[in-house]
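First the structure, in the form of structure tokens, and then the observations on it.
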Amino acid sequence: MSGVTVRRARPEDGLAIVELVEALLEYEHIGPMAEGAHDRLISELFAPDSRLAAFAAEIDDRIIGYSIVYETYSTLWGQPRLFIEDIFVLPEYRSQRAVYELFRAVVRYALERGCTQMHWEALTWNKLAIDFYERVGAERDEGWYTYRLREDAMRRLL
């Protein structure tokens, strides 16, 4: 038994999740959250009509990891999919199967929602994550590039 419990996040978990988001961004060498993002994220996570679902991983009543997911849809397959926006566990707890238990909770949620696939992104240098994903049976999608169009570019386009 790993001692890790995973549950749906609650509004009172908001600050702990934001702190973990910041830890993830530091780990990924991305930088701090954008101005105002803390409050917007907490508000969106726990809104009655939220597009997001959040999970908290705990050991001894301390939140040590989280995942944020949302549904997408495959027109090719005509079925819903689940996108993992974030999945992160503090490094000192990774040896306790916390990532595995968190990932299993997300998989369970996807299947409960009728999703037939899950998708996510991994940084090319993050060998720990890549090895984990491949160990649980994930396949790298070689045929696609990930693109983004930021708000300033969207406004210029219009």
Side-chain angles (χ1 to χ4, degrees), residues 1-25 27-28 30 33-34 37-38 40-59 63-91 93-94 96-151 154:
M1 189 70 170
S2 68
V4 177
T5 58
V6 178
R7 60 173 172 75
R8 284 292 295 269
R10 301 183 289 254
E12 58 268 23
D13 302 327
L15 184 57
I17 289 174
V18 165
E19 289 172 355
L20 287 167
V21 170
E22 290 283 11
L24 170 63
L25 294 173
Y27 176 78
E28 292 179 337
I30 294 174
M33 294 175 77
H38 291 93
R40 288 190 304 272
L41 176 59
I42 291 171
S43 177
E44 179 65 30
L45 277 177
F46 303 109
D49 59 348
S50 180
R51 297 172 271 201
L52 306 171
F55 296 85
E58 294 180 313
I59 293 179
I63 297 176
I64 51 88
Y66 78 101
S67 184
I68 295 175
V69 301
Y70 57 89
E71 282 187 36
T72 66
Y73 193 84
S74 170
T75 55
L76 171 65
W77 296 103
Q79 296 172 319
R81 304 184 294 191
L82 193 76
F83 188 83
I84 303 173
E85 178 64 24
D86 290 348
I87 187 164
F88 179 74
V89 169
L90 292 168
Y93 293 98
R94 292 179 187 162
Q96 298 181 41
R97 297 179 52 93
V99 175
Y100 180 74
E101 295 301 332
L102 190 54
F103 195 80
R104 281 174 42 93
V106 170
V107 168
R108 187 175 300 109
Y109 176 77
L111 292 172
E112 288 169 358
R113 302 281 304 169
C115 297
T116 58
Q117 296 179 35
M118 291 176 30
H119 291 259
W120 61 90
E121 299 170 340
L123 291 167
T124 56
W125 58 261
N126 193 343
K127 185 156 175 39
L128 283 175
I130 292 166
D131 289 349
F132 171 79
Y133 297 139
E134 291 177 1
R135 233 180 3 263
V136 298
E139 304 165 351
R140 192 175 327 169
D141 198 346
E142 299 286 345
W144 299 85
Y145 287 117
T146 299
Y147 286 90
R148 78 174 128 226
L149 190 63
R150 295 182 190 258
E151 183 180 9
M154 292 188 314

Gap between atom [atom2] of [Y] and atom [atom1] of [X] - 0.5 Å precision:
| X | Y | atom1 | atom2 | result |
| --- | --- | --- | --- | --- |
| I59 | L90 | CD1 | CG | 9.5 Å |
| F88 | E28 | CZ | CD | 8.0 Å |
| E121 | D86 | CD | CG | 10.5 Å |
| I68 | L20 | CD1 | CG | 9.5 Å |
| L149 | M154 | CG | CE | 6.0 Å |
| R10 | I17 | CZ | CD1 | 10.0 Å |

Nearest atoms (heavy-atom pairs only) where [X] meets [Y]:
| X | Y | answer |
| --- | --- | --- |
| L45 | S50 | O-OG, 3.7 Å |
| G14 | F46 | CA-CE1, 3.9 Å |
| V4 | E101 | CG1-CB, 4.1 Å |

[X] side chain near [Y] side chain, heavy-atom distance below 4.5 Å:
| X | Y | answer |
| --- | --- | --- |
| R140 | I130 | yes |
| M33 | V18 | yes |
| R113 | V69 | no |
| L52 | E44 | yes |

**OP:** Report the residue from Y66, F103, Y109 that forms a ring pair (Phe, Tyr, Trp, His ring centres under 6.0 Å) with F55.
**Re:** Y109
Original post:
Does the side-chain contact (heavy atoms from CB on, under 4.5 Å) test come out yes or no for I87 and W120, once each step is laid out?
Top reply: CA-CA 9 Å; I87 187 164; W120 61 90; over 6 Å; no
Ignoring hydrogens and angles, write down the donor-acceptor pairs under 3.5 Å from the side chains of residues 76-85, residues two or more places apart or on other chains.
{"unit_1": "Q79", "atom_1": "OE1", "unit_2": "T116", "atom_2": "OG1", "d": "2.9"}
{"unit_1": "R81", "atom_1": "NE", "unit_2": "T72", "atom_2": "OG1", "d": "3.4"}
{"unit_1": "R81", "atom_1": "NH1", "unit_2": "H119", "atom_2": "NE2", "d": "3.4"}

Original post:
Does D131 reach the main-chain N or O of L128 with its side chain, forming a donor-acceptor pair under 3.5 Å?
Top reply: no
**OP:** Please answer whether the main-chain N or O of A53 pairs with a side-chain N or O of R8 as donor and acceptor at a distance below 3.5 Å.
**Re:** no
**OP:** Please indicate whether E139 has more than 12 foreign heavy atoms, meaning atoms of other residues, nucleotides or ligands, lying under 6.0 Å from its CD.
**Re:** no
Subject >> Parallel, tilted or perpendicular: ring planes of Y100 versus F132, cut at 30 and 60 degrees >> reply: perpendicular
**OP:** Look at the rings of W125 and Y27 and say which category their plane angle falls in: under 30° parallel, 30 to 60° tilted, over 60° perpendicular.
**Re:** tilted
